Amino acid sequence: MKILIHPTSEGAVKAAALQIADLLAARPEAVLGLATGGTMEPVYAALIDLVAEGQCRGDRFTSFNLDEYVGLSADHPQSYHHYMRRHLFDALGVPAAQTHLPAGDAPDLAAEAQRYEARIAAAGGIDLQLLGIGANGHIGFNEPSSSLASRTRVKTLTRSTVEANRRFFAEGEAVPVHALTMGIGTVMDARHILLLATGAGKARAVAGMAEGPVSAACPASILQMHPSVVLVCDRAAAADLRMTDYYETVHPDGAERTGEPA
Ligand code: GLP
């Protein structure tokens with residue numbers, strides 16, 4: 001795992017956006033796995049800027065999002081469909097047919113989950129999966145105790161995740177308690193993985209992910225078994241890591257290349 005610790009969250013965000021832009025510059029038709037959440041909002045804003053500056057094209061990729069709330073239609077303002085249009089797709093002008101999210105309002109969610117897996121496979125699999133991390137170590141909506149081999153399916157959200165998501169909903173509005181999410185096995189099939197974590201609230205999860213035992217108690221820890229993972233974080237999110245000296249020796253201030261092997 002390549003661990004890049006940036007002095008600031010702005011630096012970490014920019015680095016994550018640049019990694020996506022580099023891939024799109026090399027392969028505009030790449031298949032991206034995309035994530036939602038507060039952490040990703042500035043990443044998508046930075047990517048939109050990079051496309052506007054001509055660093056890469058932003059209208060040829062195919063994308064598959066990690067998850068969607070069960071029961072929310074694509075035009076619900078708090079749905080992840082809506083989030084993606086608002087924060088990325090509309091600005092880039094990427095054709096809707098190239099972007100995919102699971103349908104949280106499908107009448108048969110098990111069939112929808114299977115269809116989603118089949119669509120990813122038909123696209124040739126995911127080249128780069130972008131991930132955030134929940135404070136309890138979840139990725140997508142794979143809560144602790146999720147099977148590390150799981151595929152796309154419905155998951156019940158933990159009380160702490162529901163509470164964390166409440167900030168995105170209007171006061172008094174019901175916050176969904178189920179989601180349709182790619183499984184951990186689905187995420188692990190991606191050829192490359194980029195996990196971004198910023199802020200002190202993620203410090204415990206980041207330490208569990210990178211240095212803890214591989215365990216369903218911290219679903220992100222399975223990434224230790226993936227051959228191509230980059231963790232980009234800021235100093236606050238890196239605060240509980242034990243081997244920071246080493247990571248900063250290899251990649252000072254999160255620098256990608258130092259002349260030393262990673
Ligand atoms: C939700 C999403 C995850 C995201 C997590 C953290 O659970 N399903 O993909 O990583 O929230 O979100 P935030 O970036 O807002 O902390």
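From a predicted model like this one, the values you see are computed outputs, not experimental measurements.
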### Interatomic spacing from CZ in F61 to CG in L88 - rounded to 0.5 Å
5.0 Å
### Query
What pair of heavy atoms forms the shortest contact from L109 to G104, and how long is it?
CD2-O, 3.8 Å
### Message
L231 vs V206, test: side-chain contact (heavy atoms from CB on, under 4.5 Å). Steps then yes/no.
### Response
CA-CA 9 Å; L231 162 64; V206 165; 3.9 Å; yes
### Query
Quick one: which of I126, L66, T181 gives a side-chain contact (heavy atoms from CB on, under 4.5 Å) with V187?
L66
### Query
Could you go step by step and tell me if L23 and L32 meet the side-chain contact (heavy atoms from CB on, under 4.5 Å) rule?
CA-CA 10 Å; L23 170 63; L32 302 178; 3.7 Å; yes
### Query
Where the side chain of Q224 meets the backbone of G212, is there a donor-acceptor pair that is under 3.5 Å apart?
yes
### Check: A255 main-chain N/O paired with D253 side-chain donor or acceptor under 3.5 Å
no
### Task
Quick one: closest heavy-atom pair of L180 and A113, and the distance?
CD1-CB, 4.1 Å
#### Entry: Within one Ile-Leu-Val-Met-Phe-Trp-Tyr cluster: V232 and L131, side-chain cutoff 4.5 Å
no
### Same apolar cluster (I L V M F W Y, side chains within < 4.5 Å links), I120/I193
yes
### Task
Kindly indicate, with the supporting measurements, whether the criterion side-chain contact (heavy atoms from CB on, under 4.5 Å) is fulfilled by L157 and N165.
CA-CA 10 Å; L157 306 184; N165 295 340; 4.2 Å; yes
### Message
Per the salt bridge (Lys or Arg N to Asp or Glu O under 4.0 Å) rule, what does the pair list look like for residues 43-64, sequence neighbours excluded?
### Response
E29-R60, R57-D59
### Query
To the nearest 0.5 Å, how far apart are CG in L195 and SG in C233?
9.0 Å
### Message
To check you understand the geometry: which heavy-atom pair defines the closest contact between S215 and S221, and what is its length?
### Response
N-OG, 2.9 Å
### Query
From I222 CD1 over to S146 OG, what is the distance, rounded to the nearest 0.5 angstrom?
11.5 Å
### Query
Looking only at atom types and distance, does a side-chain atom of E211 sit under 3.5 Å from a main-chain N or O of R242, one as donor and one as acceptor?
yes
### Task
Mind jotting down which residue pairs meet the side-chain hydrogen bond (donor to acceptor under 3.5 Å, both in side chains) criterion with at least one end in residues 195-208? Sequence neighbours excluded, please.
none
### Task
Would you please name every residue forming a side-chain hydrogen bond (donor to acceptor under 3.5 Å, both in side chains) with R151, sequence neighbours left out?
E117, D189
### Query
So if you build clusters from Ile, Leu, Val, Met, Phe, Trp, Tyr with side-chain heavy-atom gaps below 4.5 Å, do V13 and V51 land together?
yes
### Task
Would you please name every residue forming a side-chain contact (heavy atoms from CB on, under 4.5 Å) with H178, sequence neighbours left out?
V70, V154, T156
### Query
Which pairs with one or both residues in residues 85-111 pass ring-ring contact (aromatic ring centres under 6.0 Å, His included), sequence neighbours excluded?
F64-H100, Y83-H87
### Task
For the pair Y116 and T186, evaluate side-chain contact (heavy atoms from CB on, under 4.5 Å) and give the outcome as yes or no after the intermediate values.
CA-CA 10 Å; Y116 202 62; T186 322; over 6 Å; no
### Query
Taking the side chain as C-beta and beyond, is there a heavy-atom pair between T36 and D67 under 4.5 Å?
yes
#### Entry: All side-chain contact (heavy atoms from CB on, under 4.5 Å) counterparts of L72, not counting sequence neighbours
Y69, H76, Q78, S79, F169, P176
### Query
Hey, does the side chain of E112 reach the backbone of A106 with a donor-acceptor pair shorter than 3.5 angstrom?
no
#### Entry: Value rounded to 0.5 Å, distance of CG in L223 from CD1 in I139
4.5 Å
### Message
Taking side-chain hydrogen bond (donor to acceptor under 3.5 Å, both in side chains) as the definition, give me every residue that meets it alongside Q98, ordered by chain and number, with sequence neighbours left out.
### Response
none
### For E163, all residues meeting side-chain hydrogen bond (donor to acceptor under 3.5 Å, both in side chains), sequence neighbours excluded
R166
### Message
I need the full list of salt bridge (Lys or Arg N to Asp or Glu O under 4.0 Å) pairs touching residues 85-107, with sequence neighbours left out, sorted by first then second residue.
### Response
none
#### Entry: Set of residues satisfying side-chain hydrogen bond (donor to acceptor under 3.5 Å, both in side chains) with respect to S228, sequence neighbours excluded
H192
### Message
Applying ring-ring contact (aromatic ring centres under 6.0 Å, His included), can you list everything that pairs with H138, at least two apart in sequence or on another chain?
### Response
F141
#### Entry: Pairs where residues 4-20 contributes a residue and the test side-chain hydrogen bond (donor to acceptor under 3.5 Å, both in side chains) is met, not counting sequence neighbours
Q19-E256
### Task
Look at the side chain of E68 and the backbone N and O of Y80, then say whether any donor-acceptor pair between them is shorter than 3.5 Å.
yes
### Which atom of P144 lies closest to which atom of A217, heavy atoms considered
CB-O, 3.5 Å
### Query
If you round to the nearest 0.5 Å, how far is CD1 of I20 from CG of D127?
12.5 Å
### Message
So which atom in A205 and which in A135 form the shortest heavy-atom distance, rounded to 0.1 Å?
### Response
CB-O, 3.7 Å
### Task
Mind checking the CG-CE spacing from L34 to M84? Nearest 0.5 Å is all I need.
4.5 Å
### Summary
For N136 and P219, the nearest pair of non-hydrogen atoms, with its separation, is O-CD, 4.3 Å
### Query
V43 and I5: same hydrophobic cluster, using ILVMFWY side-chain contacts below 4.5 Å?
no
### Message
For residues V229 and M188: do they belong to one hydrophobic cluster (side chain heavy atoms under 4.5 Å, members Ile, Leu, Val, Met, Phe, Trp, Tyr)?
### Response
yes
